[in-house]
Trainee: 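Following this message is one structure expressed as structure tokens.
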Amino acid sequence: MRAIGCRMNLPAVLNGLLVSVVAALLWKYVRLIEHTSQLEEELQLTRQSQELSQVRIDYHGALLALQEHGTRMVCTGKMHTDRICRFDYLCYCTEAEEFVFFHSNASVMLPNLGPRRFQPALLDLSSVEDHNTQYFNFLELPAAALKFMPKPVFVPDVTLILNRFNPDNLMHIFHDDLLPIYYTMQQYSDLDDEARLVFMEGWGEGAHFDLYRLLSSKQPLLKEQLKTFGKLMCFTKSYVGLSKMTTWYQYGFVQPQGPKANILISGNEIRQFASFVMERLNITREEGDDYIVVFKRTTNRLILNEAELLLALAQEFQMRTVTVSLEEQSFDSIIQIISGATMLVSMHGAQMITSMFLPRGAAVVELFPYAINSEQYTPYKTLASLPGMDLQYVAWRNTMEENTVTYPDRPWDQGGIVHLEKEEQERILASKEVSRHLCCRNPEWLFRIYQDTTVDIASFLDILRETLKKPNLKKAKVASTIHPGRVREPKCQTSVQATNEAKLLVSWQIPWNLKYLKVKEVKYEVWIQEQGENTYMPYILPHQNYTFLENIKPFTTYLVWVRCIFNKNLLGPFADVLICKT
């Protein structure tokens, strides 16, 4: 019976083996299909990454690096207002519109601020300081969460991620975007011509998008475009934020607008940037006859007697006059004309940022409508006055109410005031000068700045004659911005002349770099402070030694500092303090 049982079970055993083999084959086939599908998906995601960039990418290797190492971040700067961060594998979820930092055991986050990262932000995405619409931060997830998320599309280019502040306005484009981008890229060697700019503020391209294209050989990416590539975008290497070292003006968000308190850029750096832009636009500065450029506006803030103004300028300076218009000419053709001009005349407005392309020695003449105080709105005066710009600046202000045309019925953002209470309208109409105000919707400012103006030729020419040296581009020289070094070998000697009389002799050697420089004027500043006192006595001296008698007491200790000054305003560092006992 046992043998029969074995014979009866043999088919069953064979059948079981056959089922096992078929199941194994099916399982391998399913795994093969899954692997093929995964490869196809990775190939498709690789293609999507390739669509973003010509840089080849190993998709599987990039995904493995993200899963195992997570995101890595190292920043420079102590505060959110001066911080720029470098990331490896920073990701962006296009559905949530949030950046994502993936944590693993190999992740790096420096500085690790904890909750201080939200007070108020990790950094500013724009060069406009501490503006609450420009803050950057990210959400955090464990790298294990990638299993449950859409497969990432990798951006293999080195990217600079930022916000444009207002890409419809030329002043903002140059001051807030192009200059900061250009010099941020200069700070990091891998932000070269092959790097890609990524704009996250949400604006469309804008009228001057071609200017942004000058900064890189690769097409910039807009926030909206990221959605077309995938639900999870991961930047293999990126820098986030912009340097603020190049900005010179604040727009009045916290206090009335004006020059920044601590300007760190000179005209030399701005002129280098202007040369870069001209080179990219294939513009060369042409020498020839002197001529004056007048900016023509066609929609608002018009010069109503433009022809009369052109004639008066031509007669006064015996030069040819030409007009340019952003509405009627290409930007590069305007820069070509301005780059050779002797004088630029324009109503106050964003187009005046083009004065950075004027040659050294040229003049900038800014016109202001009625009731607008030229001393309160000075972005272009500040630019022209930067050391190394070597431009002359003149402001003319319309003081005749009969020479202005107002538009109270226009929309509010074009200077209309009919939406206001009657009493407020009457106050604005009666006002002789716009009061200092914060940005950006002050109705009195908007009403006055959008006026059209008939320029009073007599007062206009008078102010030019009073304040303007005759522009002469051929004789214009680059003003030196070289500072003196420390004075060397400072010494002091003292002697007591009587019970109430003493002498203090201070001497020093010239700064080391002075012997290699041609400097018009060299002077020395000496500070003398009695030890224990809070005040000091300052002296400006022409020589390298001096005997002090006045206010020098016997048997007293004095602290003495000495430094060199070139051409009245180029200050050197103080030498080490001298301790002198009488």
Side-chain angles (χ1 to χ4, degrees), residues 78 82 245 248 255 258-269 375 378 381-382 384-393 466-467 469 477-582:
K78 293 183 179 179
D82 65 353
M245 288 191 293
W248 64 84
Q255 59 186 12
K260 286 176 65 174
N262 185 24
I263 297 175
L264 300 175
I265 191 168
S266 78
N268 294 321
E269 289 74 41
E375 290 300 315
T378 60
K381 178 182 179 180
T382 306
S385 305
L386 290 175
M389 280 307 293
D390 301 318
L391 296 173
Q392 300 184 69
Y393 175 86
E466 287 172 16
T467 58
K469 297 175 184 175
K477 294 181 180 178
V478 179
S480 174
T481 55
I482 296 177
H483 290 256
R486 292 172 183 265
V487 299
R488 295 172 302 141
E489 301 176 29
K491 298 175 183 175
C492 64
Q493 292 179 317
T494 62
S495 62
V496 176
Q497 305 298 109
T499 54
N500 59 351
E501 186 180 331
K503 286 199 302 188
L504 172 61
L505 172 63
V506 181
S507 62
W508 57 89
Q509 298 299 314
I510 65 171
W512 176 81
N513 62 338
L514 180 55
K515 61 184 178 181
Y516 299 103
L517 299 172
K518 289 183 179 179
V519 181
K520 277 186 182 180
E521 183 182 49
V522 179
K523 292 199 173 176
Y524 298 93
E525 185 174 15
V526 178
W527 292 4
I528 300 177
Q529 181 182 43
E530 185 178 333
Q531 192 171 49
E533 297 294 324
N534 293 323
T535 58
Y536 60 86
M537 297 175 288
Y539 301 87
I540 301 293
L541 306 171
H543 306 299
Q544 293 158 240
N545 57 73
Y546 195 82
T547 300
F548 298 91
L549 296 169
E550 188 178 354
N551 297 320
I552 303 299
K553 306 173 189 174
F555 314 112
T556 305
T557 300
Y558 291 96
L559 308 179
V560 179
W561 295 265
V562 184
R563 68 176 169 185
C564 185
I565 305 173
F566 289 170
N567 301 329
K568 296 182 181 177
N569 61 355
L570 296 171
L571 305 177
F574 280 108
D576 292 339
V577 62
L578 298 173
I579 301 174
C580 311
K581 299 179 181 180
T582 59

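FYI, side chains are in, hydrogens and waters are out, and symmetry mates aren't considered; it's all heavy atoms of this structure.
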Trainee: Compare all side-chain heavy atoms of I482 with those of L570 and state whether any distance is below 4.5 angstrom.
Mentor: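 Contact flag for I482/L570 side chains = no.
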Trainee: Find out whether F548 and V526 are in side-chain contact, i.e. whether some heavy atom of one side chain is under 4.5 Å from a heavy atom of the other.
Mentor: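 Answer yes - side chains close enough.
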Trainee: Take E530 and K553 through the side chain to side chain contact (heavy atoms under 4.5 Å, CB included) test and state the conclusion after the steps.
Mentor: CA-CA 9 Å; E530 185 178 333; K553 306 173 189 174; 3.2 Å; yes
Trainee: Rounded to the nearest 0.5 Å, how far does SG of C580 lie from CD of Q531?
Mentor: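 Between atom CD of Q531 and atom SG of C580 there are 11.0 Å.
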Trainee: To the nearest 0.5 angstrom, please state how far the CZ atom of F566 sits from the CG atom of L517.
Mentor: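 Rounded to the nearest 0.5 Å, the CZ-CG separation comes out at 5.5 Å.
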Trainee: Which residues pass the salt bridge (charged side-chain N to carboxylate O under 4.0 Å, His left out) test with K581, not counting sequence neighbours?
Mentor: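 Residues passing salt bridge (charged side-chain N to carboxylate O under 4.0 Å, His left out) with K581: none at all.
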Trainee: Find the distance between NZ (K523) and CD1 (I565) and round it off to the nearest 0.5 Å.
Mentor: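 Rounded to the nearest 0.5 Å, the NZ-CD1 separation comes out at 9.0 Å.
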Trainee: The criterion is ring pair (Phe, Tyr, Trp, His ring centres under 6.0 Å); which residues satisfy it with W527, sequence neighbours excluded?
Mentor: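 So W527 forms a ring pair (Phe, Tyr, Trp, His ring centres under 6.0 Å) with Y536, F574.
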Trainee: Give a yes or no answer on whether the side chain of N513 reaches the backbone of P484 with a donor-acceptor pair at less than 3.5 Å.
Mentor: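 The answer is no, because no donor-acceptor pair under 3.5 Å joins these two groups.
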Trainee: Would you say K515 has more than 12 foreign heavy atoms packed within less than 6.0 Å of its NZ?
Mentor: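 Result for NZ/K515: enclosed.
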Trainee: Taking the side chain as everything from C-beta on, heavy atoms only, tell me whether I528 gets closer than 4.5 Å to N551.
Mentor: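 Counting from C-beta outward, I528 and N551 never come under 4.5 Å.
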Trainee: Distance check, rounded to the nearest 0.5 Å: K503 atom NZ versus Q497 atom CD?
Mentor: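 Nearest 0.5 Å value for the NZ-CD distance: 4.5 Å.
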Trainee: For the side chain of R488 and the backbone of I510, is there at least one donor-acceptor N/O pair under 3.5 Å apart?
Mentor: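 Indeed, once roles are kept as given, a pair shorter than 3.5 Å links the two residues.
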Trainee: Looking only at atom types and distance, does a side-chain atom of T582 sit under 3.5 Å from a main-chain N or O of T556, one as donor and one as acceptor?
Mentor: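 Judged by distance alone, yes, a pair lies under 3.5 Å.
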Trainee: More than 12 non-hydrogen atoms from neighbouring residues, nucleotides or ligands closer than 6.0 Å to CD on Q493, yes or no?
Mentor: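 Count not over threshold, so no.
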Trainee: With heavy-atom distances below 4.5 Å as the criterion, would you say the side chains of L578 and L559 are in contact?
Mentor: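 No, side chains not in contact.
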Trainee: List the atom of Q509, the atom of Q544, and the distance in Å for their closest heavy-atom pair.
Mentor: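 Smallest heavy-atom distance, with atoms named: CA-NE2, 3.9 Å.
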Trainee: To the nearest 0.5 Å, how far apart are CD in E501 and OG in S495?
Mentor: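 Answer for the CD-OG pair, E501 versus S495, is 9.0 Å.
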Trainee: Is there a side-chain contact between V522 and C564 (heavy atoms, below 4.5 Å)?
Mentor: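 V522 vs C564: side chains touch.
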Trainee: Please examine the side chains of L504 and V560, heavy atoms only from C-beta on, and report whether any two atoms are closer than 4.5 Å.
Mentor: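 In contact.
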Trainee: Report the C-alpha distance between R486 and D576 in whole Å, list the side-chain angles of each, state the deciding distance to 0.1 Å, and finish with yes or no for side chain to side chain contact (heavy atoms under 4.5 Å, CB included).
Mentor: CA-CA 9 Å; R486 292 172 183 265; D576 292 339; 3.7 Å; yes
Trainee: Rounded at 0.5 Å granularity, tell me how far CD1 in I540 sits from NZ in K568.
Mentor: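 If I round to the nearest 0.5 Å, the distance is 11.5 Å.
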Trainee: Please check if the side chain of H483 supplies one atom and the backbone of L571 the other of a donor-acceptor pair under 3.5 Å.
Mentor: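 Checking the backbone N and O of L571 against the side chain of H483, a donor-acceptor pair under 3.5 Å is found.
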Trainee: Do V577 and W561 come close enough that some side-chain heavy atom pair is under 4.5 Å?
Mentor: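 SC-SC contact between V577 and W561 confirmed.
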Trainee: Any non-hydrogen side-chain atom of W508 less than 4.5 Å from a side-chain atom of Y524?
Mentor: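 They are in contact (side-chain heavy atoms under 4.5 Å apart), so the answer is yes.
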